[in-house]
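If you're wondering where the values come from, they're calculated on a predicted model, not measured in any experiment. Order of listing sets the numbers, starting from 1, for every ligand and every atom in it.
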Amino acid sequence: MKQDNTIKHELTNFIDDSLIMKEIAKAENPAPSLVREVLNKGMERNGLTPFEAAVLLKNTDKDLDEAIFETAMSIKEAIYGNRLVLFAPLYITNECGNQCEYCGFAVKNRELKRRTLTSEEIHKEVAVLEDQGHKRLLLVYGEHPKHNADWIAQTVRDVYSVTSGKSGEIRRVNINCAPLDVEGFKKIHEVGIGTYQCFQETYHRPTYEKLHTGGKKTDFLWRLHAMHRAMEAGIDDVGIGALFGLYDSTFEVLALLHHSRQLERDHGVGPHTISFPRLEPALGSDIAFNPPHPTSGHEFKKIVAILRIAVPYTGLILTTRENADFRRELIEVGVSQLSAGSRTYPGAYSDPEYDRPDVQQFCIGDSRSLDEIILSIAGDHGYVPSWCTACYRMGRTGEHFMELAKNGFIQEFCLPNGLLTFKEYLEDYASDETKVAGNALIQREVEAYDDPKRKKILLDRLKRMEAGERDLYI
Ligand code: SAM
Ligand code: SF4
């Protein structure tokens, strides 16, 4: 970003509440013809304006809601196919100096046992995850004054340094930590992070200020400009998000889209991913047990579908927080990345007494193991689990990635690469049942693949995988 822009952005709140309120008011009780018009535009896969998204959010006609889901499904199918990227969160520290009223890690929560993993403990946790078959991790950190960018960078190096078993290595480390300054972001960029993720929680500033009552996170604008600083530091892939339940969900969706557009205007590319956690019960937080703006299941599914239509090429991430059946519905309408086999406190993966409420951030909706989840998504639902990291390792990130994605590239590269990583998983980590179901799925996918040249390359690589080669991609 140019210097003059930097200064301008540090001073402005680019989330214009009154504009969003106007967009919402204008979209109230939309005529069915308008909803259909917006859906037709959505089908062109060029996205929607925030107002158009509001029209879909405000629709109350049941049949048209179904049409929204169908549109989202067909966009998802056309762009992403049946591939689903899997990752696990790895909590590095739950020490935190901030008072976020909804979070179990908040500084005033004296019941929580605090822990920051040492280098050795990180190695232990990562080895457990690698032995399950994980290749992509999301590192999660509380925000504590004693933990600076150098320390975060070291924890990333620690994770990348661990190798375990036959093909155990972490190939992409994404991180979710408090906003840094540009120098700090440069440090974590240099150690090779994939996506930098940080959620605004709520874009409604008065609500934000009410819910963040202590520590650095009280500064709304510092957080709002985190992605601009990250991109200025050279991080191409950023992930934004809002925590649903804190404020009006329509406002938050529109604000996410405005944030996205601002990044596009200032950096030529929007966010790589959007996350939409729903508020979950958390130790020591009244708000987490009684969300001020609860989002129903139907509403939440609509939000996912509308985001899929509004930003078709942006990855949509679903976390641990939703239960297994509901996850499946959300995947169908647009989710492209899923956390699996997750545990939400530091040291949890190597904890023999797992599931202790006195250390975790919030309660988990889906506690199945990675292999069980894979058996269900691949065996029962025909989704191809993918751990692919080829683009990031070949430098196909940010603007470059978006351009390629828009030209059918995802089908050409992501699907075969996803199949190759799935094969690797089946060879090295799967239970017998998952292996049978998974190999049958791979065979079906290869047979259906209609590019003869690529099919030949794919078949050759799958054979090489069976013969013991690893980490093959196109
Ligand atoms: N400390 C960093 C921060 O606040 O940005 C990153 C880690 S924080 C644990 C990651 C995310 O957890 C937050 O951005 C918030 O959206 C989410 N979170 C906090 N409390 C939650 C709750 N009770 N239910 C669901 N998600 C929650
Ligand atoms: Fe700390 Fe992040 Fe939890 Fe807030 S959301 S208390 S900053 S860990």
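- Distances below 4.0 Å separate heavy atoms of Gly142 from the following atoms of ligand 2: 8 (S).
- Looking only at side-chain heavy atoms (C-beta outward), Arg83 and Asn417 stay at 4.5 Å or farther from each other.
- Every ring pair (Phe, Tyr, Trp, His ring centres under 6.0 Å) that Tyr141 has, sequence neighbours left out, goes to Trp151.
- Numbered from 1 in the order shown, with element, the atoms of ligand 2 that lie under 4.0 Å from a heavy atom of Ala106 read 6 (S).
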Would Phe185 and Tyr196 satisfy ring pair (Phe, Tyr, Trp, His ring centres under 6.0 Å), going step by step from the backbone distance to the final call?
CA-CA 9 Å; Phe185 278 126; Tyr196 169 66; 4.7 Å; yes
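- By the criterion of a heavy-atom distance under 4.0 Å, the backbone of Arg278, and not its side chain, is placed next to ligand 1.
- Residue Tyr91 has no nitrogen or oxygen atom sitting less than 3.5 Å from a nitrogen or oxygen atom of ligand 1, judged on distance alone.
- We find that Arg328 and Asp325 are joined by a salt bridge, their nearest charged nitrogen and carboxylate oxygen being less than 4.0 Å apart.
- Within the 4.0 Å heavy-atom criterion, both parts of Cys103, backbone and side chain, lie near ligand 1.
- The Cys100 neighbourhood of ligand 2 comprises atoms 4 (Fe), 5 (S), 6 (S), 7 (S), with distances under 4.0 Å to a heavy atom of that residue.
- Ile79 approaches Pro312 most closely through the heavy-atom pair CD1-CB, 3.5 Å.
- The part of Leu243 lying near ligand 1 is the side chain, judged by heavy-atom distances below 4.0 Å.
- Side chain to side chain, Asp371 and Tyr425 meet the donor-acceptor criterion of an N or O pair below 3.5 Å.
- Of all atoms in ligand 2, listed by their number and element, those nearer than 4.0 Å to a heavy atom of Cys96 are 1 (Fe), 6 (S), 7 (S), 8 (S).
- The contact set between ligand 1 and Val140, taken as ligand atoms under 4.0 Å from a residue heavy atom, comprises 7 (C), 9 (C).
- Heavy-atom distances between Ala178 and ligand 2 stay at or above 4.0 Å for every pair.
- The shortest distance between side-chain heavy atoms of Asn59 and Lys302 falls below 4.5 Å.
- Cys103 lies apart from atom 4 (Fe) of ligand 2 in this respect, since none of its N, O or S atoms is found at a distance under 2.8 Å.
- Distances from atom 6 (C) of ligand 1 to the heavy atoms of Asn176, Thr202, Leu283, Thr344 put Asn176 nearest.
- Here Glu101 has no heavy atoms under 4.0 Å from ligand 1, in either its backbone or its side chain.
- Residues Phe220 and Asn13 have side chains in contact (heavy-atom distance under 4.5 Å, counting atoms from C-beta outward).
- Close approach of ligand 2 to Phe105 is summarised as follows: ligand atoms under 4.0 Å from at least one heavy atom of the residue are 3 (Fe), 6 (S), 8 (S).
- In summary, the side chains of Glu23 and His258 do present a donor paired with an acceptor at a separation below 3.5 Å, with no hydrogens or angles considered.
- The distance from ligand 1 to the heavy atoms of Ala282 drops below 4.0 Å at these ligand atoms: 23 (N).
- At a cut-off of 3.5 Å, with distance as the only test, a side-chain donor of Tyr345 or Asp351 sits close to an acceptor on the other residue.
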